[in-house]
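Below you'll find the structure, written out as structure tokens, and then a few comments.
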Amino acid sequence: MATDTPLRPADSAAFDEDRGQSRPAPAASGWAPRLRRLIGIDEPLLAWVPEERARYTWYGVLVVNTALLGALSMVLALSSFRSDLPLAAVAVVAVLWFWVVLALDSWLVSSTHGTSVRKWTLLVRFFLSVLLGLFIAEPILFQIFDKEIRQEIAVGNEQKVAEYRGLLVSCNPTDGASTTDRPECARYQLKVEGSPAELARQIKSNGDRAAALRTQVVGINKTLGGKQSTEQRLCGEKYWIWRGGVRDVTITCERARRATSEYEKNSKIKTYERRLEDLVEQGQALAARKDRAADDYQPLLQKAIDDKTRQRAAALDTDGILTRAHGLKEVAGSDGFALFLTIVLHLLLLCLDAMPVLAKVLSGATTYDTLLGARHRASRTLYGEELQVQHACARLEHDVQRHHVEVDSTDRKSRLEHEYQRARAERAAAERAELEARMGRIMRARGVRT
């Protein structure tokens, strides 16, 4: 049929004399189509506007460059913040991050093709690309200002260490005086043995214990002296008696002796006296230590302060991401030119990272977008018509099925009616035959009686 004949052979193409390019252009080969495929370009459709192949090839180059920049940023970040990681782990993470950035940028660019894309969706995609650019740009900025950031961190750490040491010195005086009444010294008090104040407290505590024990010993000795006097009085010669022809003490004397011995044993006077002697000797030793504590305590205190200061300096972070970010802020805030350079580099890196989507926003809709939009509209129209055809076919099929059911129902009703009429006629004939038989029997019976 004439309608089946194409307007021109499939392998032929129109020739645009003004542009010197066939429509559609022959298929391209090499690395350019692969780059364009990254950003979702349909090569057969782009063949109708081959002039825009270079534009979309460079779009693909921008996407790859952004992914490479992200991989480089990840390598710099890991080498700065996690220098203990092996090279293989860094390479694996960088490759994974390259793939993530490449996939995200490819989706951001490919989703902007077509004239039906609204401006606010482009802005949302641009916002996402800016967020991605911020994450990529910071490690690069850390490397650019690495020397200044390290210097700022070193100065800040030295100041922190100096302030910490100053509080240690202020809260731990050389005479060992207590600073518990100062709230700012709650976390800066050191426990150093042998301080003059500590020794004075120990001497006072030892003296109080010795005085209390001495009072107790005096009381016990007083009571014991009374008992011994009673014993001497009751055991005197005037109280002796004759027993078995020999002069002997009385039972009262023996009781007084036993009471004295038991009290001396139960009161532990000997133990208390030895303990009192030990406290006196300990007090003398503490007094001697206090005399020379001024010379011994200061080196110990200085050593404790030095140890705490070294521990504080070792605990300070120098390579953490928050520390370096704070250092970058201090560098930018301390010098106007550094602030200007930081802002310019931020904007430059953000523009480089967001360039795939930014280029699409700036360039607007292209001929390829127009063709793609037209194809989308045609596809929607064809799909709508296909749905209408499917709906019409389904409706006709349903009509046929409905008619078939109606005809079948009518036929089945006719058969049922015929069977019903036949059965009814058979029942009527049977009833008539039965009535005739009864009538014959009745008539025969009447004839016999007559």
Side-chain angles (χ1 to χ4, degrees), residues 2-71 98-126 128-130 132-133 351-386:
T3 56
D4 296 333
T5 304
L7 296 178
R8 63 176 185 272
D11 57 350
S12 65
F15 187 80
D16 191 340
E17 295 180 355
D18 295 334
R19 299 185 179 182
Q21 186 67 267
S22 59
R23 295 293 188 276
S29 60
W31 55 269
R34 295 185 177 89
L35 289 175
R36 293 194 292 268
R37 195 176 300 116
L38 285 176
I39 56 175
I41 296 299
D42 186 0
E43 286 296 319
L45 182 61
L46 187 63
W48 288 93
V49 280
E51 297 85 359
E52 296 186 357
R53 282 177 171 174
R55 177 201 297 266
Y56 287 105
T57 299
W58 287 111
Y59 275 172
V61 172
L62 287 176
V63 170
V64 174
N65 286 342
T66 303
L68 289 174
L69 190 63
F98 169 82
W99 172 251
V100 170
V101 176
L102 181 65
L104 182 58
D105 279 341
S106 297
W107 171 78
L108 288 174
V109 174
S110 61
S111 61
T112 60
H113 298 322
T115 56
S116 61
V117 179
R118 296 181 177 86
K119 294 297 183 182
W120 69 269
T121 59
L122 290 176
L123 293 178
V124 171
R125 291 179 176 89
F126 179 72
L128 291 176
S129 62
V130 168
L132 180 62
C351 289
L352 289 176
D353 297 332
M355 185 56 67
V357 177
L358 184 62
K360 186 66 178 181
V361 173
L362 295 178
S363 62
T366 63
T367 306
Y368 173 81
D369 292 327
T370 304
L371 296 179
L372 184 60
R375 192 169 73 174
H376 287 168
R377 290 190 296 272
S379 298
R380 286 194 296 270
T381 303
L382 290 175
Y383 182 70
E385 294 177 353
E386 178 67 20

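By convention here, the first residue in the shown sequence is residue 1.
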Query raised in the report: Listed by chain and number, what are the ring pair (Phe, Tyr, Trp, His ring centres under 6.0 Å) partners of Tyr59, not counting sequence neighbours?
Result: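 Ring pair (Phe, Tyr, Trp, His ring centres under 6.0 Å) check on Tyr59 returns Tyr56.
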
Straight-line distance of [X] [atom1] to [Y] [atom2], nearest 0.5 Å:
X      : Y      : atom1 : atom2 : value
Asp369 : His376 : CG    : NE2   : 10.0 Å
Leu69  : Phe98  : CG    : CZ    : 11.5 Å
Ile39  : Leu102 : CD1   : CG    : 11.0 Å
Ile41  : Leu372 : CD1   : CG    : 8.0 Å

Requested in this report: Not counting sequence neighbours, which residues clear side chain to side chain donor-acceptor pair (under 3.5 Å) with Thr367? List them please.
Outcome: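 Partners of Thr367 by the side chain to side chain donor-acceptor pair (under 3.5 Å) criterion, ordered by chain and then number, come out as Glu52.
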
**Report entry** Contacts of Glu385 that satisfy side chain to side chain donor-acceptor pair (under 3.5 Å) - sequence neighbours left out
**Finding:**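 Side chain to side chain donor-acceptor pair (under 3.5 Å) check on Glu385 returns nothing, list empty.
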
**Report entry** Heavy-atom check, side chain of Leu104 versus side chain of Val101, under 4.5 Å
**Finding:**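 Leu104 vs Val101: side chains apart.
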
**Report entry** Residue pairs, two or more places apart or on separate chains, that pass salt bridge (charged side-chain N to carboxylate O under 4.0 Å, His left out) and touch residues 36-49
**Finding:**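 Output for this query lists Arg36-Glu43, Asp42-Arg375.
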
